[in-house]
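In listed order, ligands and their atoms are each counted from 1. What's counted below: heavy atoms across the whole structure, side chains too, no hydrogens, waters or symmetry copies. Just so it is clear, the structure is predicted and the values come from calculations on it, not from any experiment.
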Amino acid sequence: MVNGTTGEGLSLSISERRQVAEEWVTKGRNKLDQVVIHVGALSLKESQELAKHAAEIGADGIAVIAPFFLKPWNKDVLINFLKEVAAAAPALPFYYYHIPALTGIKIRAEELLDGIQDKIPTFQGLKFSDTDLLDFGQCVDQNQQRQFAFLFGVDEQLLSALVMGATGAVGSTYNYLGKKANQMLEAFEQKDFSSALNYQFCIQRFINFVVKLGFGVSQTKAIMTLVSGIPMGPPRLPLQKASREFTDNAEAKLKSLDFLPFTGLKDRNLEACS
Ligand SMILES: CC(=O)N[C@@H]([C@@H](O)[C@H](O)[C@H](O)CO)[C@@H](O)CC(=O)C(=O)O
């Protein structure tokens, strides 16, 4: 999922967004199962331009957040906006990216999904980045006859969402905690719920720690750089670069949880979870 929150898609220019999308589609060919481009924008025209571009370059789908300055005040208005974007790429699966804490659009996803395929025939699913598990559960429950993808975006709660019927996940922490998350998914698949819970708690221990220090996109990028060795670059204003103190503390926590490879024995303590 390219040009979303972590990729600061909304802080990039249109030409930068096109360039990033092209890179992902090209470099991801034969490596990634799917490359979905987030094309949401305040301007419907720009959003349509990006949707068209995603189709031209061979992306596997497009995702769109709700416009968040002049806001849709009800479900029908929001759907009308999404429909116009989807129509610009009529052959591409369409995902609604629900992230109310950032957009300020509180229209419940469950309400939005009701009858959405009649308006948006390419509707394929939902990226649900919210902690309201009642809303999420009802999205799944009320659409059991449809083959929608329910992609959950709150990494610290993924296990609960899996129980509710999540079919996948998109999140920032998988960039560096992917192995642990995969172990949790595997345990869940094998119905080993106690191990799955153990992995989720382990992930939570880290997220809880960094949330208390102040955690957002900048801090995510600092940790991604730390763990991968691939420089993610500074975030773009209005975001501020994560402090050195944050990165040092996050690194120490990652080591104590045994999340960093090649950690010397002396760094290990009893927090590590398997
Ligand atoms: C608000 C936010 O950044 N949420 C993240 C989560 O992965 C989040 O960082 C994680 O659950 C820790 O709270 C994702 O939902 C965002 C995301 O996947 C994206 O980059 O589009």
**Q** If you have a sec, work out which protein heavy atom is nearest atom 7 (O) of ligand 1 and how many Å separate them, to one decimal?
**A** Ser172 N, 2.7 Å

**Q** I'd like to check Phe206 versus Tyr176 (side-chain heavy atoms, cut-off strictly below 4.5 Å). Are they in contact?
**A** yes

**Q** Using ring centroids (six-membered ring only for Trp), state whether Phe193 and Phe188 fall under 6.0 Å.
**A** yes

**Q** Give the residue and atom name of whichever protein heavy atom lies nearest to atom 3 (O) of ligand 1, and the separation in Å to one decimal.
**A** Thr5 CG2, 3.7 Å

**Q** So that I know where these two stand, are Phe128 and Tyr96 an aromatic pair - ring centroids less than 6.0 Å apart?
**A** no

**Q** Answer side chain, backbone, both or neither: which part of Lys127 comes under 4.0 Å from ligand 1, heavy atoms only.
**A** side chain

**Q** So, does Asn3 use its side chain to make a donor-acceptor pair with the main chain of Ile37 at under 3.5 Å?
**A** no

**Q** I'd like to check which ligand 1 atoms, numbered from 1 as shown, lie under 4.0 Å from a non-hydrogen atom of Tyr97.
**A** 16 (C), 17 (C), 19 (C), 21 (O)

**Q** For ligand 1, which part of Ser129 has a heavy atom less than 4.0 Å away: the side chain, the backbone, both, or neither?
**A** side chain

**Q** Does the residue Val170 have a heavy-atom contact with ligand 1, meaning some pair of atoms that are separated by less than 4.0 Å?
**A** yes

**Q** Could you list the residues that satisfy side-chain contact (heavy atoms from CB on, under 4.5 Å) with Ser129, not counting sequence neighbours?
**A** Tyr97, Ile99, Lys127

**Q** Looking only at protein heavy atoms, which one is nearest to atom 1 (C) of ligand 1, and what is the separation?
**A** Ile99 CD1, 4.0 Å

